[in-house]
Amino acid sequence: MAALWQDAVGITVAGLLVGLAANALSPRGLSLGRDYFPTSQPVASRASSSHPPTAAQPTTSKHGHALIEHAEAARLFADPKRQHGRILFIDARNADRFAEGHIPGAMRFDHYRPDETAGEVVGLALIAERVVVYCNGGSCEDSELVANDLLGFGVPAEKLVIYKGGVAEWLARGMPLEKP
Amino acid sequence: MNQIASRSLTLLAARWLLGAVFIVLGTMKALDPVGFLKLAREFDLLHPAWVLNAVAAVLPWFEVFCGLLLLLGWKARAAAFVQGIALIAFTLAIAWRAWTLRQQTGVAWCALRFDCGCGTGEVAVCAKLLENVGLLALAAFVAFGDRASRAPRSPH
């Protein structure tokens, strides 16, 4: 039994080292020191002033970002300003999900892999008048995390809205999707 | 075939099955560490952030590593022992999450379904707990079953 315990400890140590090495080498590896789910200060005071509350539905997310319904998302999508970059849709999902289909013209920003597209997306977000962030919809919180990231990059809170219905609602409403 | 040879074959099959299971499940998680990170977070057991990150980053590869040891038969008893301890922890965590979900939703225990981050997608809780008990029994057999086959035989 003592030998078994000794081997078990050895395997555990070796396994942990293998895991750390594999994570470090993997292109999909996680950053151990990063807080992927920060509990940042809500931006409710700034967001709510430009988006008056209605009686029944919450208009701000738990982090204080303004939420929009499908009608508003569709209106912004149809607005000619979108063609000129003054309205920007940002997809908060990963590359695989983005490739399966996204709102036409949307840029991708992955909260867990920001380096992939931050350089391009942040610049466009700073120029745009309105930035619509979405993910799958429902309980997906990645759009909130991306909105927080964009705040951190200097995109004003007043510009940022979250389309809470996300791709699921967009598709269910018969709206078009684009594939790369 | 005598009893000892039969038992050895059974142990070999158990070792390979256990190894294959851990390699497959570990690989599924290793291919999507962000997905596993999000699911691990839902258990609300791993704090602070670096602990959550470390578990999500390392555990999948650890499973694959132990699975390979089992398949190759090197330190297989210890690998099964270690995975058995891990299975106990996972099973308790799943039961804990199921209990909290039941408190929140009032849904009957065996009607609860969620993605436990095990690598198999959304599962029914009762089935998953039973599956884990089965894997634990298999791990125990691989870790300790060989001791019976090495017991001294009667001189008659």
Side-chain angles (χ1 to χ4, degrees), chain A residues 1-40 92-98 100 108-116 135-136 138-146 148-149, chain B residues 22 26-44 46-70 72 74-86 89 114-115 139-140 142-147:
Chain A
M1 196 67 186
L4 183 65
W5 274 105
Q6 273 184 338
D7 285 345
V9 169
I11 282 172
T12 301
V13 171
L16 291 175
L17 291 174
V18 165
L20 285 169
N23 179 71
L25 293 171
S26 169
R28 301 169 190 240
L30 298 173
S31 171
L32 298 187
R34 182 182 167 191
D35 184 358
Y36 287 95
F37 308 101
T39 49
S40 62
R93 301 173 301 157
N94 62 31
D96 290 341
R97 289 303 197 92
F98 185 80
E100 288 171 5
R108 186 176 68 86
F109 187 106
D110 185 346
H111 165 72
Y112 304 94
R113 311 241 180 272
D115 295 344
E116 288 178 353
C135 57
N136 286 325
S139 60
C140 174
E141 64 175 330
D142 289 342
S143 50
E144 277 214 68
L145 295 171
V146 166
N148 284 349
D149 293 336
Chain B
F22 286 127
T27 302
M28 298 295 287
K29 293 194 275 279
L31 289 176
D32 185 15
V34 168
F36 183 50
L37 175 75
K38 292 180 186 181
L39 291 168
R41 177 181 173 239
E42 287 181 10
F43 284 78
D44 199 22
L46 301 169
H47 304 284
W50 70 265
V51 172
L52 173 65
N53 296 347
V55 169
V58 172
L59 184 60
W61 299 106
F62 186 88
E63 281 190 2
V64 173
F65 175 69
C66 289
L68 284 172
L69 292 180
L70 284 162
L72 296 172
W74 191 75
K75 303 291 183 186
R77 289 185 60 224
F81 182 65
V82 167
Q83 285 292 14
I85 293 174
F114 61 89
D115 191 336
V142 174
F144 301 110
D146 192 37
R147 293 165 79 189

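Just so we're on the same page: letters track the sequence lines, and every chain starts at 1.
In terms of heavy-atom proximity, A/Arg113 sits nearest to B/Val34 at NH2-CG2, 3.8 Å. What you find for A/Asp7 and B/Lys75 is that their closest heavy atoms are OD1-NZ, 3.3 Å. Smallest separation of non-hydrogen atoms from A/Leu32 and B/Asn53: O-ND2, 2.9 Å. Annotation for B/Ala57 and A/Leu30: closest pair N-CD1, 3.9 Å, computed over non-hydrogen atoms.
Residue A/Arg28 qualifies as open at atom CZ: its count of foreign heavy atoms under 6.0 Å is 12 or below.
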Requested in this report: Using the side chain to side chain contact (heavy atoms under 4.5 Å, CB included) rule, take B/Leu37 and A/Tyr112 through it: C-alpha gap first, then chi angles, then the decisive distance, then the call.
Outcome: CA-CA 10 Å; B/Leu37 175 75; A/Tyr112 304 94; 4.3 Å; yes

Requested in this report: Report the C-alpha distance between A/Asp35 and B/Trp50 in whole Å, list the side-chain angles of each, state the deciding distance to 0.1 Å, and finish with yes or no for side chain to side chain contact (heavy atoms under 4.5 Å, CB included).
Outcome: CA-CA 7 Å; A/Asp35 184 358; B/Trp50 70 265; over 6 Å; no

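Contact annotation for A/Asp96: neither backbone nor side-chain heavy atoms come within less than 4.5 Å of a heavy atom of chain B. For a residue to count as touching a neighbouring chain, one of its non-hydrogen atoms must lie under 4.5 Å from one of that chain's; by this rule B/Leu59 does not touch chain A. With a 4.5 Å cut-off on non-hydrogen atoms, A/Gln6 does not touch chain B at all.
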Distance-only criterion, 3.5 Å: show the donor-acceptor pairs between side-chain atoms of residues 10-22 of chain A and protein atoms not counting sequence neighbours.
from: A/Thr12; atom 1: OG1; to: A/Ala8; atom 2: O; distance (Å): 2.8

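A/Tyr36 is not listed as a side-chain neighbour of B/Arg41, based on a closest heavy-atom distance of 4.5 Å or more.
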